[in-house]
Amino acid sequence: KYSTAAALEEPIKPTVNVDHTKLFINGQFVDSASGKTFPTLDPRTGEVIAHIAEGDAEDINRAVAAARKAFDEGPWPRMTAYERSKILLRLADLIEKHNDQIATLETWDTGKPYAQAAKIEVPMVVRLLRYYAGWADKIHGMTIPADGPYHVQTLHEPIGVAGQIIPWNFPLLMFSWKIGPALACGNTIVLKTAEQTPLSALYVANLLQEAGLPEGVLNIISGFGATAGASLCSHMDVDKLMLALLSFLANSGLYYGIIELEALESLASRAILYICKLIPVYCTGLDTDSLMFRQQLAFTGSTETGKTILELAAESNLKPVTLELGGKSPFIVCEDADIDTAVEQAHFALFFNQGQCCCAGSRTYVHEKVYDEFLEKAKARALKRVVGDPFKSGTEQGPQIDSKQFDKIMKYIRSGVDSGATLETGGEQFGKKGYYIKPTVFSNVKDDMLIAQDEIFGPVQSILKFKDLDEVVRRANSSRYGLAAGVFSQNIDTANTLARALRVGTVWINCFDTFDATIPFGGYKMSGQGREKGEYGLRNYLQVKAVVTPLKNPAW
Ligand code: TXE
């Protein structure tokens, strides 16, 4: 019988006020153009924490315009890299100073344990910003020994305006993974937070001016995916389209002009405005490049939304896209593993952050010789897990983020039972209020069950049995995802063999979820494209320009 956590009492009252609820555009907190707001909810109760300004297409346009101006005309990409580095360091210091307030907002908005937010996540944000501050003045190109009498060099330049969309499971941490490298490289940003968790980023917005970040460099829009998010992804280089039309018409290219006009029909009213704006530019022969919208897009979220985002980017202006998507990470326990450590790490790999991690170890493969012992201990550990108010000290697991995720998880639990897996513990709501779910363990899970294939994103551990290494490699790799894997073995050859064979972006050997700022993170297959963190994370935000100059006297 399930007997772990104490019954839920009245929710603990958070000790901060929600002071910032508006959009942050061009260095100012502003209402949304539509005047609309949406509620952000407390996952412990489902009650409203605050009403937040709801950004949509028009606000995205305002924010992109501010970011573009800050890039094209502002000091940010032009100031010395050392100056940019100092501003990032000041921002890190300020976040560190406000650690407890930010962690409180994060816990309130997400339901994650306060100790996790205050002692792990906000410090990781600070560390990551300091790490990228250190990179700012170490980003440089190469000289290349090309054939012929040429001096060839590459310049690494910022791309321009970066569009960034983040999820709700680690709101401020994802915020830092996005802004750190983009700012270090000299880009400007329009970032959309997840609709479930707008609070921590808005709090940090209030610190930007004190850190010395010029206005327009970082714009933060709260709002929904289908509106604000989609318009950020498909933000067209409208100027560029118009310019093509004007050029073609001017060259009597009527045929092309008609095609362009057709393309413009749906944009009719905005088109006229842009034509008016561009005619003087065309006539005076101004540098039209300053009108081009240069953009990069970075997204963390579901694989389904990732696909939509790629389509929107391709249909608009082919902006390059970085995607960090879902996962179904194998956690492999070999017969020679230290079982107690493996049990604890497998528990952590799955249940950390209420199971809401893209890289959660959600397929626990255990060698048949140690399966029974592992299962018994894994179940006992789940039964000991402390579920409760995330503000209460000692709580290991708070509520899931919202009713949509709660319902999705319960649906998968039912599917596990219906498909014949053995429900060892949990499987139901914890308490009566909010979105708490009892830590759940399934054994006898088979690869073809939905609970072994889909990303559940909740506190549901699936334990599967294997016989030999070849078999477990084949089964671990037969997933559409490829984000991460855990390998537990005391034999270095076994560990190395598995590390090479697994088709995933990160292999943790005898550890899990080690998220240092220096280590690249990203997925194979449908878990994403590109890498974040570490030196690799800079590549998403840089253009490489080759500069070729003839040499007058090659002998020298
Ligand atoms: O994700 P979405 P949801 C997985 C997890 C979860 C599932 C659904 O399995 O159960 O996704 O969660 C924005 N154009 N992950 O619905 O939709 C949205 O506003 C542009 C894994 O919350 O991917 C939010 O800011 N943007 C994941 C962000 O995308 C759009 C973390 C994530 O929302 C958009 C979260 C659109 N058309 C969920 N639609 C991870 N990899 O860590 C939505 N968004």
Side-chain angles (χ1 to χ4, degrees), residues 67 70-71 74-96 121-144 153-164 166 170 172-191 201 204 207-208 210-214 216-219 294-300 320-324 505-506 514-522 528-547:
F71 187 81
W76 188 246
R78 286 162 203 88
M79 65 173 58
T80 65
Y82 179 47
E83 279 302 319
R84 279 206 301 274
S85 162
K86 284 197 292 186
I87 290 171
L88 278 174
L89 289 173
R90 277 204 293 274
L91 180 60
D93 290 348
L94 285 166
I95 292 175
E96 191 169 52
E121 292 182 24
V122 182
M124 280 171 90
V125 167
V126 171
R127 177 69 184 95
L128 187 125
L129 292 178
R130 289 190 179 138
Y131 171 78
Y132 279 112
W135 266 113
D137 59 0
K138 292 160 198 75
I139 296 166
H140 46 68
M142 306 183 217
T143 53
I144 296 172
Q153 58 182 321
T154 53
L155 304 179
H156 290 186
E157 299 180 339
I159 293 186
V161 177
Q164 306 185 322
I166 56 172
F170 295 96
L172 202 69
L173 193 60
M174 291 304 105
F175 174 86
S176 69
W177 285 23
K178 298 283 178 286
I179 69 160
L183 293 177
C185 294
N187 298 275
T188 61
I189 297 173
V190 178
L191 179 142
V204 171
L207 305 175
L208 298 178
E210 193 179 341
L213 199 75
V217 172
L218 174 53
N219 305 275
R294 288 149 293 186
Q295 200 192 48
Q296 204 279 346
L297 198 61
F299 170 75
T300 301
V321 182
T322 312
L323 299 173
E324 204 267 274
T506 302
T514 308
F515 274 107
D516 196 82
T518 61
I519 305 173
F521 185 75
Q529 56 188 37
R531 293 292 177 270
E532 295 188 290
K533 297 198 288 127
E535 184 177 356
Y536 293 90
L538 295 166
R539 296 182 185 171
N540 306 317
Y541 297 102
L542 290 169
Q543 288 280 21
V544 177
K545 180 186 283 173
V547 181

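Please read all numbers here as calculations on a predicted model, not as lab measurements.
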#### Entry: A136 to S85 - nearest heavy-atom pair and separation
CB-CB, 3.9 Å
### Query
Is the shortest heavy-atom distance from the side chain of M79 to the side chain of P214 under 4.5 Å?
yes
### Query
Quick check: are there more than 12 heavy atoms from other residues, nucleotides or ligands sitting under 6.0 Å from NZ of K545?
no
### Task
Before giving the answer on side-chain contact (heavy atoms from CB on, under 4.5 Å), spell out for I189 and K178 the whole-Å C-alpha distance, their side-chain angles and the decisive distance to 0.1 Å.
CA-CA 9 Å; I189 297 173; K178 298 283 178 286; over 6 Å; no
### Task
Tell me, with the steps shown, if L183 and Y541 meet side-chain contact (heavy atoms from CB on, under 4.5 Å).
CA-CA 9 Å; L183 293 177; Y541 297 102; over 6 Å; no
### Message
What verdict does the side-chain contact (heavy atoms from CB on, under 4.5 Å) test give for L218 and L208, after you've listed the backbone C-alpha separation in whole Å, the side-chain angles of each residue and the deciding distance to 0.1 Å?
### Response
CA-CA 8 Å; L218 174 53; L208 298 178; 3.7 Å; yes
### Query
Rounded to the nearest 0.5 Å, how far does CG of L91 lie from CD1 of I87?
10.0 Å
### Task
Over all heavy atoms of both residues, which pair between L538 and I139 is shortest? Give the atoms and the distance, please.
CD2-CD1, 4.1 Å
### Query
Thinking salt bridges, do K533 and E324 make one under a 4.0 Å N-O criterion?
no
#### Entry: Derivation of the side-chain contact (heavy atoms from CB on, under 4.5 Å) call for I179 and L88
CA-CA 10 Å; I179 69 160; L88 278 174; 5.6 Å; no
### Query
Roughly how far apart are W76 CH2 and R84 CZ, rounded to 0.5 Å?
6.0 Å
### Task
Rounded to the nearest 0.5 Å, what's the gap from CZ on F175 to CG on L129? Could you check?
8.0 Å
### Message
Main chain of G534, side chain of Y132: is a donor-acceptor contact present, judged purely on distance under 3.5 Å?
### Response
yes
### Query
Do K86 and Y82 meet the cation-pi criteria used here (NZ or CZ under 6.0 Å from the six-membered ring centre, within 45° of the axis)?
yes
### Query
Once you round to the nearest 0.5 Å, how far does CG of N219 lie from CD of Q164?
11.0 Å
#### Entry: Closest contact, heavy atoms only, L94 versus E210
CD2-OE2, 3.4 Å
### Task
First locate atom NE2 of H156, then atom CD of Q543, and finally report the distance between them rounded to the nearest 0.5 Å.
10.5 Å
### Message
Quick one: does any side-chain atom of R130 pair with a main-chain N or O of V125 as donor and acceptor, under 3.5 Å?
### Response
no
### Check: W177 ring centre within less than 6.0 Å of F521 ring centre
yes
### Query
Can you name the side-chain hydrogen bond (donor to acceptor under 3.5 Å, both in side chains) partners of E121, sequence neighbours left out?
K112, Q116
### Message
For a quick test of reading the model, state the closest non-hydrogen atom pair linking A67 to V190 and the distance between them.
### Response
CB-CG2, 3.9 Å
### Message
I'd like to know if the side chain of N187 and the backbone of P158 have a donor-acceptor N/O pair within less than 3.5 Å.
### Response
no
### Query
Does some side-chain heavy atom of Q296 sit less than 4.5 Å from a side-chain heavy atom of T322?
yes
### Euclidean distance, I519 CD1 relative to T506 OG1, rounded to 0.5 Å
8.0 Å
### Message
Testing the basics here: between L128 and G180, what is the closest heavy-atom pair and its distance to 0.1 Å?
### Response
CD2-CA, 4.4 Å
### Message
Minimum heavy-atom separation for T154 and I144, please, with both atom names.
### Response
CG2-CD1, 3.8 Å
### Message
Could you check whether atom CZ of F515 has more than 12 heavy atoms from other residues, nucleotides or ligands sitting under 6.0 Å from it?
### Response
yes
